[in-house]
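Read through the structure below, which is laid out as structure tokens, and then see the notes.
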Amino acid sequence: MTLENDLWFNPNKCFINGRWIQSQSGKTLPMVDPSTGETICEIARGNAADIDAAVNAATDALIGEWGQKTAAERGRILTALGQKILTKVDELARLEALDVGKPLKQARADVLALARYMEFYGGAADKLHGDTIPYLDGYTVYTLREPHGITGHIVPWNYPMQIIGRSVGAALAAGNAAVLKPAEEACLTALAFADLARQVGLPEGALNVVPGLGAEAGAALTAHAGIHHVSFTGSVATGSLVQASAARHTVPVTLELGGKSPQLVFDDADIDAALPFLVNAGIQNAGQTCSASSRILVQRGVYDHVVNQMAKCYQNLRVGPALNDLDVGPLISARQQQLVSSFLDQGQDLEVAAKGVIEKDVPNGGFYIQPTLFTNVPATHALARDEIFGPVQVVIPFDDEAEALAIANGTDYGLVASIWSRDGARQMRLARSIKSGQVFINNYGAGGGAELPFGGSGKSGHGREKGFEALYGFTKLKTVAAYHG
Ligand code: NDP
């Protein structure tokens, strides 16, 4: 299968200065459909020279038309882009499903989220302002929020549209010009997004997209002296490289590096309400989600009941090609399939509560893996501590609140956590003491709203995306103190 009929833009070019340009390397990379393992198109293999051209275009944009736009005008363009995206929901969802391997309904939700980010940041652009500060007699003091300048965005393959929405959307709203390096494994919707931005009149150079390899285009972007802020989502190992590279120019970095997010289920919880969240948060996008809930901590009084109910859900999970729109699609790549398989091998001595079912007729070349629920897993086991990034969950028993908290806080990560309990005092105590950037009470994810600041601590990274916090992160604060006597 090729994508000729699905594309209205040229996938094997870079988008620089508002135009589609061949990579200066002249090389391309194969884009593989994870559902079949087949190449569906070629994308540009951008390199340092393309990044340089993109940074130059962004520099010109800031001096020129984009830099002269008022905040309200920037907001109007982003809002129009959100509306344009809503006219392309089916096309974008299909592209994302073919590119990432996620079931169509999940891809569709990502398109709607992308549109919502544009709407949110379009509306927020002219509501971002500084403060006045009461000070000594004879002074008037105020702060100005100014864009960093040129922002670099390195986006992974698991949620290209959502991550572009929250990071590029906020950066543009705040008045920056952006250079985006999407993942080599999934960059089609990044290119589609750039083309739609062009269609709604985003000025040349305000957004530039250079696809390619992380070690080439990505490394060139983080090392470029013309970049003023880097936003990265991906692995801990690459995030550390990105931070070290940006540090050479003392450039601020936002890192979003995934997690090992727990859900704590107490004896007094509404188990029926919790169940769909307990499972979905682990298997959505085949578990390849930074905020996936891969650890389910359950108090002993309801332990057997919860495990039995989760096991029933797992037995009903159907795995197949993205376009078949089942519960779980393939993993992104053969490499990811091997990585997750090696974790499953490490769990050979553990108790398996249930597995999902891979459809009989899935294409041989696809990167499928059986969703697996492990039970009675020691909190110190690798499967309970390391990020797996596949449809694998572990259930861990606990006796009381203190033990639950110790287990929840017992990994190097701290991205998301949820508490299932009817005890209000316990909810408040735990919400304060859990090491996590987001805490949910009697839900998980709260629908992932654009309004909700998101980010981690420890190995989950630092800095906040989404909501107004992202706008603060994409600006620098200037203090003006005027003495007038
Ligand atoms: P990476 O962290 O390596 O990739 C994320 C992004 O960084 C991609 O765009 C990649 O480019 C780019 N990149 C790679 N190397 C560099 C570099 N030296 N400088 C700048 N950018 C670079 O993740 P992987 O795709 O290798 O996945 C490995 C593991 O990372 C997963 O198993 C999972 O555990 C974790 N991960 C976490 C994510 C999250 O949402 N927190 C998302 C994706 C992965 P390219 O891919 O084009 O080479």
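Ligands are counted one by one from 1 in listed order, and the atoms in each one are counted from 1 as well.
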Short side-chain to backbone donor-acceptor contact, Asn208 and Gly205, under 3.5 Å | yes

Inspect the contact between Glu387 and Lys459 and indicate whether a charged nitrogen and a carboxylate oxygen are less than 4.0 angstrom apart.
-> no

Under 4.0 Å from a heavy atom of Pro156: give me the atoms of ligand 1 that qualify, with their elements.
-> 42 (C), 43 (C)

Given salt bridge (charged side-chain N to carboxylate O under 4.0 Å, His left out), test Arg166 with Glu256 step by step and report yes or no.
-> CA-CA 12 Å; Arg166 74 190 190 205; Glu256 202 277 89; 2.8 Å; yes

Protein residue, atom and distance nearest to atom 30 (O) of ligand 1, heavy-atom basis = Ser235 CB, 3.0 Å

Verify whether the ring centers belonging to His148 and His229 lie closer than 6.0 Å.
-> yes

Report, in ascending order of atom number, the atoms of ligand 1 lying under 4.0 Å from any heavy atom of Leu339.
-> 32 (O)

Donor on one side chain, acceptor on other, Ser25 and Ser23, under 3.5 Å = yes

Give the residue and atom name of whichever protein heavy atom lies nearest to atom 34 (O) of ligand 1, and the separation in Å to one decimal.
-> Glu387 OE1, 3.2 Å

Which residue and heavy atom of the protein sit nearest atom 12 (C) of ligand 1, plus the separation = Ile154 CG2, 3.7 Å

Please report which non-hydrogen protein atom sits nearest to atom 5 (C) of ligand 1, along with the residue it belongs to and the distance in Å to one decimal place.
-> Thr233 O, 3.8 Å

Relative to the heavy atoms of Asn158, which atoms of ligand 1 are at a distance of less than 4.0 Å?
-> 39 (C), 40 (O), 42 (C)

Considering the heavy atoms of Gly258, write down every atom of ligand 1 situated less than 4.0 Å from one of them.
-> 41 (N)

For the residue pair Leu98 and Leu323, establish whether any side-chain heavy-atom pair is separated by less than 4.5 Å.
-> yes

Quick one: does Leu213 get an N or O within less than 3.5 Å of an N or O on ligand 1?
-> no

Answer with yes or no whether Arg335 contacts ligand 1, where contact means a heavy atom under 4.0 Å from a ligand atom.
-> yes

Any donor-acceptor N or O pair under 3.5 Å, side chains Asn12, Glu42 = no

Nearest protein heavy atom to atom 8 (C) of ligand 1, by residue and atom, and its distance?
-> Val155 O, 3.7 Å

Nearest to atom 17 (C) of ligand 1, what protein heavy atom do you find, and at what distance?
-> Gly214 O, 3.4 Å

State, with a plain yes or no, whether a side-chain heavy atom of Ile227 is found less than 4.5 Å away from one of Thr151.
-> no

Heavy atoms only: give me the nearest Gly329-Val319 pair and the separation to one decimal.
-> O-CG1, 4.0 Å

Distance from atom 38 (C) of ligand 1 to nearest protein heavy atom, with residue and atom | Phe389 CZ, 3.4 Å

Among Ala183, Ala219, Ala217, Gly287, which one has a heavy atom closest to atom 19 (N) of ligand 1?
-> Ala219

Which residue pairs pass the ring pair (Phe, Tyr, Trp, His ring centres under 6.0 Å) test with at least one member in residues 365-395, sequence neighbours excluded?
-> Trp157-Phe389

Can you find a pair of side-chain heavy atoms, one from Asn285 and one from Val328, that are under 4.5 Å apart?
-> no

Given side chains that start at C-beta, do those of Leu191 and Thr189 come closer than 4.5 Å, heavy atoms only?
-> no

Mark up the atoms of ligand 1 that fall under 4.0 Å of a heavy atom belonging to Gln336, in ascending order.
-> 31 (C), 32 (O)

Say whether Tyr159 and ligand 1 are in contact under the criterion: heavy-atom distance to a ligand atom below 4.0 Å.
-> no

Among Pro147, Ser231, Pro252, which one satisfies side-chain contact (heavy atoms from CB on, under 4.5 Å) with Phe474?
-> Ser231

Nitrogen or oxygen atoms of Ile163 and ligand 1 under 3.5 Å apart = no

Does Gly461 have a non-hydrogen atom less than 4.0 Å from ligand 1?
-> no

In ligand 1, which numbered atoms sit nearer than 4.0 Å to a non-hydrogen atom of Glu256?
-> 41 (N)

One finds that the ligand 1 atoms under 4.0 Å from a non-hydrogen atom of Gly212 are 47 (O)

Ranked by distance from atom 48 (O) of ligand 1, the top protein heavy atom is Glu184 OE1, 2.5 Å

